[in-house]
Structure formats: C-alpha cells, structure tokens
Trainee: 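Here's a structure for you.
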Number of protein chains: 2
Amino acid sequence: MEASVLLDAAQTVFAQHGVEGSSLRAIARAAGCDPALIYYHFEHKEAMFQALLERKFSALLPDLESAVAGPRPLKERLAETLRVFARHLKDDAGFRALIRGQAVQGAEPIKTTLAAFLRRLQGLIWNLLEEGVASGELRRDLPVPLAGFFLVRTYLEMLDLFPAMGPHFLPMPVPEALERGEQAWIDFFWRGASAPEESR
Amino acid sequence: MEASVLLDAAQTVFAQHGVEGSSLRAIARAAGCDPALIYYHFEHKEAMFQALLERKFSALLPDLESAVAGPRPLKERLAETLRVFARHLKDDAGFRALIRGQAVQGAEPIKTTLAAFLRRLQGLIWNLLEEGVASGELRRDLPVPLAGFFLVRTYLEMLDLFPAMGPHFLPMPVPEALERGEQAWIDFFWRGASAPEESR
DNA sequence: GGGGAAATTCAACGCCAGATGAAATAGTCT
DNA sequence: AGACTATTTCATCTGGCGTTGAATTTCCCC
C-alpha cells in the first residue's frame, strides 16, 4: 500500500477530527490496513500531517506561479491567484481549518513547514503587488506585505466559513454568495489598493 | 467549586488541544478536581464548550453595542468595533482557532450557538454600514453583508495569525505589525467602501 | 523454485478515555 | 445537633489508544 493511500485516509480523518482528535487506529481503519503499517511509512502522526501539508502545497505552488505570470492585466492575475486557491482548497474546509489551527498552536516542525510555504506564497503575491506599485496602477503608499495578507486571507475566510456558516448569516444561497463574494472582494480589494485617478 | 473554574480550565485545555483532543480527565486535572464533577455541572464535553462560547460572547456583545453607538464619525466607530474584538480576543488565538474550527466542522448545537451570536454581531455591523450608505459616506453599491464579513474577518485573521506566524513572514516585529496592520486595514477598508468623491 | 527485500499483519503491553452509581464530605437551615 | 441539599470523590466498567517486535505474506529478481 502506498503512502499516498494512507495520506488520503489521514486527510479525511484529520479534517473531521483534527490532528489530536484523530487516532492512528482511526486512520488505519479508514485506509483499510493495520495501524502498524503507518509506523512503517511515517515516524509518527505529526510526521504524517507534515507529509500531507507538503503534498498539498507541492500541488498548489506551480498553479500559483502560472496564475501570477504572463502579460494579463494585474487585476486579472490577482483574481486568478484567488481562483487557484479556490480550486485547490474549496472542498477542504475541514482540512483548512486544521491547517490554521496548527498554524496557531501546532508544533514547531509544522509551523516551520507552513512558514516555508508562506514565504514562497508571499514572494509570489508581493512581487505581483510591487509590480503594480512600480507601474503606477497601485498606490505608492500601499503596505505590500499587509495588502498581500488581506488579499489572500480574506478570500480564504470566505471559502472556509461561507459553506459552514453562510446559511446562518448570509442573505443568499452559499454558492451564489461565494461567486458574488469572490467578485465583490476582488473589486473591493482593487478599490483599496489601486492608485487614485489623478496620480496615474 | 463553581462552574466558572471548570470553564477556565476548559478554555486553557481546549485552546491547546482542541475539543476532541481534550479529555475530560485533562480538564479535571487542570481544574484540580475529579472528572466526575464535570458531569455534575455539564451534561458532556460539548455542553461545556457551548457554555464557554456563551460566556465569551456574553462579555463581547455589550462592548460592541457601545462601540457602534453614538455620534462619532463612522470610520472611527468601525475602527472601535475592531478594537473591541482585539480587547476580548487578542490573547485567545488558540481558543479562536478552536471556535472557527468548530464553525467549520463542529456539531450542530455549537453551530447554532455560533450562528445566533453571528446574527447579533452582523446586525450591529450591517446597521452601521447601512447608515453609512444612507448618509452618502459609503458607496451605494456596497454589498453590505459581504463588506461586513470583510471588515471583521480580515481583522480577526491578523489577530490570530500574526502572533503565531508573523515572525515567519512579516518584515517587522509582531506587535508593530498588529498596530500598523490595524490602521492599514481600517484605511484600506475605508478606501474600498467609501463613496467616490464626486458622488458626495 | 529459491533467495532476499519489502510490505503487512498479529499479538501484546501499559495507559488513557468517557461515563456512572454509590459513598463521603461540605454547606445551609431550623 | 439533625435534616436536607449540594458538592465532591471514589471505584468501577468497557473500550480505545500509541507503539513495538516478531511473524507472516507479498513482491521481485535470478
């Protein structure tokens, strides 16, 4: 049995119960094997979670690099960046909640893995925003690191919370809210970030 | 022993390990009592978590109501709303990660409690934003539910993620990042939400 | 078919968990 | 002091847990 089958099972169980709420026996049951096999492939549960993170991010980053590249208008590339997140993470709210839970209080090795990914992600976003500032499309005083944070984190919050909580507080069906929310956020972000007309 | 002592212990343990990763025996150890006492005060672990949520939100809502009231300028009241969140939640990142984890995949009773709180919170924020639209300060086409979401969730993301991950990706110390981030977000939000000059 | 390596299962250990009924202790009122 | 209620602990039950060494099975190559 390949490690990836175990990781598939782990992702399902982790997403539902969290890392600490998931037992290796539960993961083995989900994978259809003996718990001891997990120890053959991974040192311990946390190493398994780490491998999951790396698998997920390894799939995401190339698409991000494609999204920010090329001659298309800046706003469109920013929007495409968000859509890459949606494609990779949209159906993984439970897992994403887990990742940020680990970001807040996880073990140092996990934080280190997340940080390495964050720096690469940051680099892509910041370069894009700095390119916009240099070209005059974005305002000169835009705090690029913070703006990058706003761009991505607000959008990911929608992806996470609309499906789970949207029915309780959104005045429209969740799929419509996600679609309108995406466009609204891109427009809103653009208004917040773009240079005033008179300075172009 | 009052229930509130048990809830204090529960908050500490839940914040570190999550609801499922926290055992009643661990909470009892943190409180310095026998696990059976927890059953005397609460039906089960989830009921305990629910009581924690209600305790937290009961403390937060009155301050929010004060923050949005009064004759002060709209932008200042929006900013004060965010500061209320900071005062109540700033040192509770672990617990907040837990809350949103539960928002994403928690049991229905917990989601119902969260939803009830969200609706009250929404009501306050939306009224404030709608007041701004009516007065002409905010743009007429502002999607108020989505804008309210952006306002609060982006700020809470900073509160959660800057302390834990900021050293890995922010080009400044975390306390400074939080301070500048707060002001940057308020300004950014204002640019995204306010009406164009020519339509005032 | 045989040898060797890789993969998988089995059995076991000690410990922890949720939950409960009964017993003991503490507090309050008369 | 006694009655009663509230609080707290104790002991127990059943089931699950992480982890490991040994045994078994499977796979691959000659």
Trainee: Calculate the interatomic distance between A/F42 atom CZ and C/dA7 atom C1'; express it in whole Å.
Mentor: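 Result: 14 Å.
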Trainee: From the options A/F188, A/W185, A/F162, select the one residue that forms a side chain to side chain contact (heavy atoms under 4.5 Å, CB included) with B/L146.
Mentor: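 Single side chain to side chain contact (heavy atoms under 4.5 Å, CB included) partner of B/L146 among A/F188, A/W185, A/F162: A/F162.
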Trainee: For the pair made of CD in A/E43 and P in D/dT19, what is the distance, rounded to whole Å?
Mentor: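 Rounded to whole Å, this separation is 10 Å.
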Trainee: Using a 3.5 Å distance criterion without hydrogens, assess whether the side chain of A/S22 forms a donor-acceptor pair with backbone atoms of A/V13.
Mentor: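 Pair found, side chain donor or acceptor close to backbone of A/V13.
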Trainee: What is the distance from OH of A/Y40 to P of D/dG21, rounded to the nearest Å?
Mentor: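 So the OH-P distance, A/Y40 to D/dG21, works out to 15 Å.
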Trainee: Could you check which residues of residues 7-18 of chain A get a heavy atom under 4.0 Å from DNA chain D? Sort them by number, please.
Mentor: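 Heavy-atom contacts with DNA chain D come from no residue of residues 7-18 of chain A; none.
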Trainee: side-chain hydrogen bond (donor to acceptor under 3.5 Å, both in side chains) with A/R191: which residues, sequence neighbours excluded?
Mentor: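 With neighbours one apart ignored, the set is empty.
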Trainee: Between A/F85 and A/Y155, is the ring centre distance below 6.0 Å?
Mentor: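 No, ring centres 6.0 Å or more apart.
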Trainee: Just how far, in rounded Å, is C1' of C/dA24 from CG of B/D34?
Mentor: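 Distance check: B/D34 CG to C/dA24 C1' gives 12 Å.
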Trainee: Less than 4.0 angstrom from a charged side-chain N to a carboxylate O is my criterion; do A/E137 and A/K75 meet it?
Mentor: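 Answer for the salt bridge query: no.
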Trainee: Looking only at atom types and distance, does a side-chain atom of B/R77 sit under 3.5 Å from a main-chain N or O of B/R72, one as donor and one as acceptor?
Mentor: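 Here the side-chain-to-backbone pair exists.
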Trainee: Round to the nearest Å and state the distance from A/L37 atom CG to D/dT25 atom C1'.
Mentor: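 The distance from CG of A/L37 to C1' of D/dT25 comes to 13 Å, rounded to the nearest Å.
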Trainee: Output the rounded distance in Å from CD (B/E2) to C1' (C/dG27).
Mentor: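 Value for this atom pair: 14 Å.
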Trainee: What N/O pairs connect the protein and nucleotides 12-18 of chain C at under 3.5 Å? Give each pair on its own line.
Mentor:
from	atom 1	to	atom 2	distance (Å)
C/dA17	OP1	B/S23	OG	2.7
C/dG18	OP1	B/L24	N	2.8
C/dG18	OP2	B/L24	N	3.1
C/dG18	OP2	B/R25	N	3.3
C/dG18	N7	B/R25	NE	3.2
C/dG18	N7	B/R25	NH2	2.9
C/dG18	O6	B/R25	NH2	2.4

Trainee: Are B/F14 and B/F49 near enough that their ring centres are under 6.0 Å apart?
Mentor: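 Yes - the distance between ring centres of B/F14 and B/F49 falls below the 6.0 Å cut-off.
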Trainee: Counting heavy atoms from C-beta on, name the nucleotide in C/dT9, D/dT19, D/dT9 closest to the side chain of A/H44.
Mentor: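 The answer is D/dT19, which lies nearest to the side chain.
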Trainee: Using 4.0 Å as the upper bound for N to carboxylate O, is an ion pair formed by B/E80 and B/R83?
Mentor: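 Yes.
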